[in-house]
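Each chain gets a letter, A, B and so on, in the order its sequence line appears, and its residues count up from 1.
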Amino acid sequence: MPDDAGPADARLGDRRPAQRRARARDVQLRPVAGDLRRRLGRLVRGRLGADDERDGLLREGRDRPARLREHRRRQGRRRRQRRRGGPLPGRPPPPPPRRAGRRRHLRPRRRDDRLQRRARSRRPLPARAGAVPRLHPPRPRPLGPHGRRGQQPADRPGGRRVVPHRPHRRALIARPRPPRPPAPMFDPVRGKPDFPALEQEVLGFWRSGGIYRKSLERRRGAPRFVFYEGPPTANGLPHPGHCLTRTIKDLYPRYRTMRGQLCERKAGWDTHGLPVEVEVCKELGIHSKAQIEAYGVEPFIHRCQESVWRYMKEWETITERIGFWIDLSEAYVTYRRSYVESVWWALADLFDRGLLYRGHKIVWWWAQGGTALSSGEVGQGYKEVADPSVYVALPLVDAAGRPDGRSLVAWTTTPWTLPSNQFAAVRPELEYVVVREAGAPDGAPQYVVAEALAADLAAKLKVSFETLQTLTGGELVGRDYLPPFDTFRPAGSPPRATLAAGGDAAPAWRVVAADFVTTDSGTGVVHVAPAFGEVDYGVLMAEQPRFAAGGPALLNCVAPDGTFTDAFPMGSGRFVKDCDRDITRDLRARGLLVHQEQYVHDYPFCWRADADPLIQYPRASWFIRTSQFRDAMLANNARIDWLPEHIKDGRFGNFLETNVDWALSRERYWGTPLPIWVCEETGRAEAVPSYAALLAKPGIAGTEVFARAKEADPSLADDLAVHKPYIDAVTYASPFAAGRRMRRVPEVIDCWFDSGAMPFAQWGWPHEGRADFAGQFPADFISEAIDQTRGWFYSQLAISTLLFGGDGPRTLPGGVAPPPAAWPHPFRTCIVLGLMLGEDGQKMSKSKRNYKEPGVIFDAYGADALRWFFLAGQPPWTTIRYSERSIRESVPEFLLRLWNVYSFFVIYATIDGFDPAALLDAPGGLDHADLSGARGWRPVAERCELDRWMLAELSATAAAVVERMDAFDHFAAAGRISALVEGLSNWFVRRSRDRFWGPGRADGGPDTSPDKLDAYWTLWETLLGIARLAAPFVPFVTEAMWRNLAARPFGAAVAESVHLTDYPTGDAALLDADLVRRMALVRDVASLGRAARAGAKLKVRQPLSKVEVILGGGVEPADAAWLEAHAELVCDELNVKHFEICREPDRYITRSLLPDLKKLGPKLGKLLPQARQALEKGDAVALLSALERDGRVELALPGGTAVVEREDVIVRTTAREGWAAAEGPRAVVVIAAELTPQLVAEGLAREVIHAVQTARKNLDLEFTDRIDLALASPSAELRAALEEHRGGIAAETLAERLTILDGSGTGETLDVDGHPLSIAVAVAGGPGSRP
RNA sequence: GCGCGCGUAGCUCAGUUGGUUAGAGCGCCACCCUGAUAAGGUGGAGGUCCCAAGUUCGAAUCUUGGCGCGCGCACCA
């Protein structure tokens, strides 16, 4: 996809860390440098040298230092009172035991402090320590007088310090009161967020404020974005997979709503089906249908209906908790009467159009239980068993029915199906042979088998065959044979039947052609018993239409209970599998058994009764002629936007290609009843489209059954009137036979039909809800996991195609207009989610306990964390490994980073009095243009570069995010948002620290610093922009930010919720591709510089004299000039004194020419390797100058002449050996590694400062505590360095007194770059603090 | 067995139409910062791109065949 944010490498998100690009060169330091290096000192950033502004800052007369001094004095006084004899300067540091003891003392004391403050604050302690911004209502919190410790903002309930020292310190500073009252304009934000608690507050706000409803109201009349909720089965607890789908399903509607569309979200529940019945059976402790009927269908159905709602509360909880905005109060429910009637209408329409018919289906049948099993159930019951494997002779007969001495040999592992044999199948194009045991007498049996398998058979028989004849399968087709048993064969001459095409043929025991015959195993001749195999049944279905009359009927001598009927006397009344032995024995006796052995394979057993083998068995079933609509469904599919794309032609397309008629009916109890009534006399049927239509039938009877039940139990749901058993009782007068009744067929339907009818049935259409349906069909967007391919995705597409595609519905009651048939429908875009695996990479399973309950994640990390993990962690269609660790680890990268910036802003804005509401009277939508009316607001063009850059990045990101989100690519969009936050945190805030800390206020008053105010406006605007951009992804934290940053200061003048704002699309006026690219360059250079330092083992604390950069050819001159103008920035980042663009790069680098393979490849072809070598080996400088002069050079190569133009080559610069350098694709950065004694001294001083600061920290000093500092070292060099930088050290460490002693000292000795140093720190002014 | 998808760093995953030095996050190691601090930042190490053959000037990328994993459909006479 095109990216308008500039070249890839200039983009914010593409800042590849230099470690990949940079190859730090080893530096050979000169002897003196090497010597120095060992004793390196470290120093602060170069600009903080002896004469720099930091020193200046501490001089009298400036605003901030003065306040600081005052503050420190007070602090010190208080400390002195509190402390009784700290460690003394010049004295030995306290011995370890005492120190440890003191530390132990310090921490508890802090807790005591907190408790006391809490007590003083007299505010109740909430159950959860939740110092989070309040969300509703925004009430100003009174703040006590300044300087009173107990009234600090830090004393939030919960006891954690919320605002660090600065506010307190500032409160102590003597300065004029700010013009505005001191109430904070923003609620304090704690550094360590408690996301779960925050989310609970947000949820409360959404609930009480009716925010979801308001978000819809706001878009009333706007173009719709239609979303369909694929109904989850409430019959079971929600698990992490549902959290994923609910996250995605929330994301896009939220996004589209912010973008200006109306997206109503109607929830739904799938309530019918076998799982519900199984659940109820479990409760009742029963299994079989017979047991259900014994229990009573009526009470059973009642239990099913109740069972559906058992987990509803959990579902609603998790739906709300994860932030899925959907209307649960008006959810559609598939068992509701209006829903059922919609389904009835669809079925009646199909029936009236001849698309619903009765046939047989071969199912996996549990004979003992008398029920069919779903494929899922079958899959659970496979066991490896040894079955008999028999090779049976089927004697071929001539036209007169006489055996001709040759026999087909067929193989089967289910001998019990042989009595129902109906055909023998061969593959027409296969070679078959007629064989006989070699050397056998003339009368010996002759077998017909596939040539490829003849040897196998011979081996089994332990004989060798001689081939008598070779023929194709095609020549065998049409031949008649004798079935292995006479079960269905009448005595006398073989039966014939008339073919539709003329002539006649045997309706059974005939060789047929079939392409499922393979030579993988067996004999190449397949025994076909249509009653006991789906493929076999297909043969029968193919044969039947060929006959005009008297065609083949289904032969079946097995009863539904799995026993042979009397049609097969040998096994009559016995379970079929128990008869295998007798059947085999009989075959052998009659000379038909060619061979017998054991065959080990997997065979399904009943998962509930694992001793019961399943058998395939034909059951009467109702079908929908979907296969007639195969092409229409494919055409519809072709128009759907599938994500990932391969679903369209892959899994889903393939499934449509091999479409077979939809077996609709189920011989169960809890489902939508099939609305077909059959005449008891004629067997003619009609379909009923609604309950009203049924009641209008002449001679209606039986409705009183439900009425009586309702009378007996008024709480009975009216919806049950259209369910079994009540609906079965309703009969009416047959229009086909006078005096006869119409009775409903007993079946219910596949619950997938329910879900697939959802686009119209959720509205009760066409009986009602016509406007709703007209406005919300088709869906713009749906999303479910890949396991719905043959489920909801198919059921929707099939039903919609059959009803609304092609010629459309014939009859719509009441003149209802059918929806337009233009494809795609019923959904335009479908995101197919990957499967979710548990912690161990295995399928999630409750029994394995390999996943954490969603609630655990919510309580520990929050819903935003889970959402962000799902949305930003990987493309949605990949398999997701759901683990607590991954979720936890995804938090710091984005949520925490964003939170830190947010909290940074609030802390400093509070200190500096930045209050947007005080400066801006008409906030409007708080878009960039709306801010221009604010006092002290400067147009971006007048602000500093960093602000311009930040706002340019914000706009570019917004534009890119919108572009990605409109393409349903939230993964990429999330990446952009994450990169923006990275840039905000690691560049804008970091580079702006001094601006926020600098003198002046940001309250618009007389003390206001314009630059500081700019920084606040920029950061505030950026944070609000990010809150809006990220709102659909992480709706909670963004809401908290909006509430605090916008709604709190502005109150009702702005949107109360971030979800009631418009989504940012980027402000073209703010885009600045040049600046974005250049800032990326400077960050690159800084990064390379650090890599060069690291390569030379020169830490950043060691100041260096110079850094030079050699820019690559791809860098535009204007960019180079810009970079040069930013020398100070680079120096600051890299702690060097000077930065320049190298004037004589050849000192540091070598140039080489690389062919641009992408351009040269197609041009040169086979010459390329030679040209490449010539370019790389040749004199790069000469070649380059020739290229630049002439625009082209001709290379004479062994294979011919290659013309190379300037654009065909890339100049690569490589750092020469011996320099501290790092090279990236756009620049080489060289560090001056030589160290002067001055630099080393500076570095040493900095190192000592660091050591002292560490000591301060170890002593738990307030950072404002002044100290007495004693440093002792036997090293003259170190002492000299310390003396030289005495002022800097004292200033940095807040040392009132600094003593530098010769000798080893008596305390702990540190090693400062090879110099021993002992440090003694004591709080200044304490007892005995004088040395 | 058939179909679909997937095998890239210790882990989880990106990698656009084949192109020069294959990337990210986490983890690890080192460093920096110490006024976002129970935080934060930077750098580094780490890869036979599952294997093999082929196409091509050039393959992580395309083709074929293996091997392994996941899912779906069948379970095979």
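Between A/W877 and B/C6 there is no side-chain N or O to OP1 or OP2 distance below 4.0 Å. Applying the 4.0 Å criterion to OP1 and OP2 of B/A36, one finds that A/R993 has a side-chain N or O inside that range. Phosphate contact (OP1/OP2 of B/A36, side-chain N/O of A/S903, threshold under 4.0 Å): absent. Between A/Q616 and B/A77 there is no side-chain polar atom (N or O) within less than 4.0 angstrom of OP1 or OP2.
Across the strands present, B/U48 finds no partner; the criterion is a Watson-Crick or G-U wobble pair with both atom distances under 3.5 angstrom. B/C31: Watson-Crick or G-U partner is B/G41, with both key distances under 3.5 Å. B/C73: Watson-Crick or G-U partner is B/G1, with both key distances under 3.5 Å. With both pairing distances under 3.5 Å, B/A22 is matched to nothing as a Watson-Crick or G-U wobble pair. Pair check for B/G54 finds B/C62; Watson-Crick or G-U wobble, both atom distances under 3.5 Å. B/U17 makes up no base pair with any nucleotide shown, lacking Watson-Crick or G-U wobble contacts both under 3.5 Å. Across all strands shown, B/C6 pairs with B/G68; the Watson-Crick or G-U wobble distances both stay below 3.5 Å.
Between the side chains of A/S420 and A/T417, no donor-acceptor pair of N or O atoms lies under 3.5 Å. For the 3.5 Å distance criterion, the side chains of A/R1090 and A/S1087 fail to qualify, holding no donor opposite an acceptor.
Side-chain rings of A/F793 and A/W642 approach one another, their centers coming within less than 6.0 Å. Annotation: A/Y537 is not in aromatic contact with A/F532 [ring centroid separation under 6.0 Å not met]. A distance of 6.0 Å or more separates the ring centres of A/F996 and A/F905.
Note: CZ (A/R990) to C1' (B/C33) measures 10 Å, nearest angstrom. Per the geometry, CZ belonging to A/R897 stands 12 Å off C1' belonging to B/A24, to the nearest Å. To the nearest angstrom, C1' of B/G25 lies 16 Å from CD1 of A/I880. Distance, A/R1090 CZ to B/A30 C1': 15 Å, rounded to whole Å. Remark: P of B/A24 and CZ of A/R976 are 17 Å apart, rounded to the nearest angstrom. When the P atom of B/U12 is taken as reference, atom CZ of A/R888 falls 15 Å away, rounded to whole Å. Going from atom CG of A/D536 over to atom P of B/C76 covers 11 Å, rounded to whole Å. Taking atom CG on A/L656 and atom P on B/G72, their separation rounds to 18 Å, with Å as the unit.
To the nearest whole angstrom, the two C1' atoms, one in B/G66 and one in B/C29, are 40 Å apart. For the C1' atoms, the distance from B/G3 to B/G47 is 33 Å, rounded to whole Å. Using P as the reference atom, B/C13 and B/U17 are 22 Å apart when rounded to the nearest Å. Between B/G40 and B/A36, the distance separating the two P atoms is 12 Å to the nearest Å. Distance noted for atom C1' between B/A77 and B/C71: 27 Å (whole Å). Between B/G7 and B/U61, the distance separating the two P atoms is 11 Å to the nearest Å. The same atom, C1', is picked in B/A9 and in B/C50; the two are 15 Å apart, to the nearest Å. B/G19 and B/C62: their C1' atoms are spaced 14 Å apart (whole Å).
When heavy atoms are screened at a 4.0 angstrom cut-off, A/G533 is found touching no nucleic acid atom at all. Backbone-only contact: A/P875 has heavy atoms under 4.0 Å from sugar-phosphate atoms and none from a base. Among the heavy atoms of the strands, none lies under 4.0 Å from A/V525.
Picking from B/A39, B/C13, B/C76 the nucleotide with the shortest atom distance to the side chain of A/W364 gives B/C76. Taking every side-chain heavy atom of A/H527 into account, B/A77 is the closest of B/A77, B/A14, B/A36. Side-chain atoms of A/V526 lie closest to B/A77 of the nucleotides B/A77, B/G19, B/C73. Here the nucleotide nearest the side chain of A/N986, chosen from B/G41, B/C13, B/A36, is B/G41. Here the nucleotide nearest the side chain of A/N900, chosen from B/A77, B/A14, B/G40, is B/G40. Nearest nucleotide to the A/T878 side chain, out of B/A36, B/G3, B/C13: B/C13. Proximity note for A/H646 (side chain, C-beta onward) versus B/C4, B/G40, B/A14: the nearest is B/C4. Nearest nucleotide to the A/V989 side chain, out of B/A36, B/C4, B/C57: B/A36. For A/N654, taking side-chain heavy atoms from C-beta onward, the closest of the listed nucleotides B/A77, B/U20, B/C4 is B/C4. Here B/A36 is the nucleotide among B/C4, B/A77, B/A36 with the atom lying nearest to any side-chain atom of A/Y908.
We find that A/R990 and A/E1133 are joined by a salt bridge, their nearest charged nitrogen and carboxylate oxygen being less than 4.0 Å apart.
Using the six-membered ring where Trp is involved, A/F869 and A/Y882 have ring planes that are perpendicular, over 60° apart on the 30 and 60° scheme.
Toward the 5' end of RNA chain B, the nearer of the two residues A/L1157 and A/D649, judged by each one's closest nucleotide, is A/D649. Heavy-atom nearest nucleotides on RNA chain B were determined for A/V528 and for A/S886, and the one closer to the 5' end corresponds to A/S886.
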Practice item. Please lay out, stage by stage, how A/V409 and A/V392 fare under the test side-chain contact (heavy atoms from CB on, under 4.5 Å). Key: CA-CA 5 Å; A/V409 178; A/V392 187; over 6 Å; no
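Within a 6.0 Å radius of CD in A/E645, other residues, nucleotides and ligands contribute 12 heavy atoms or fewer.
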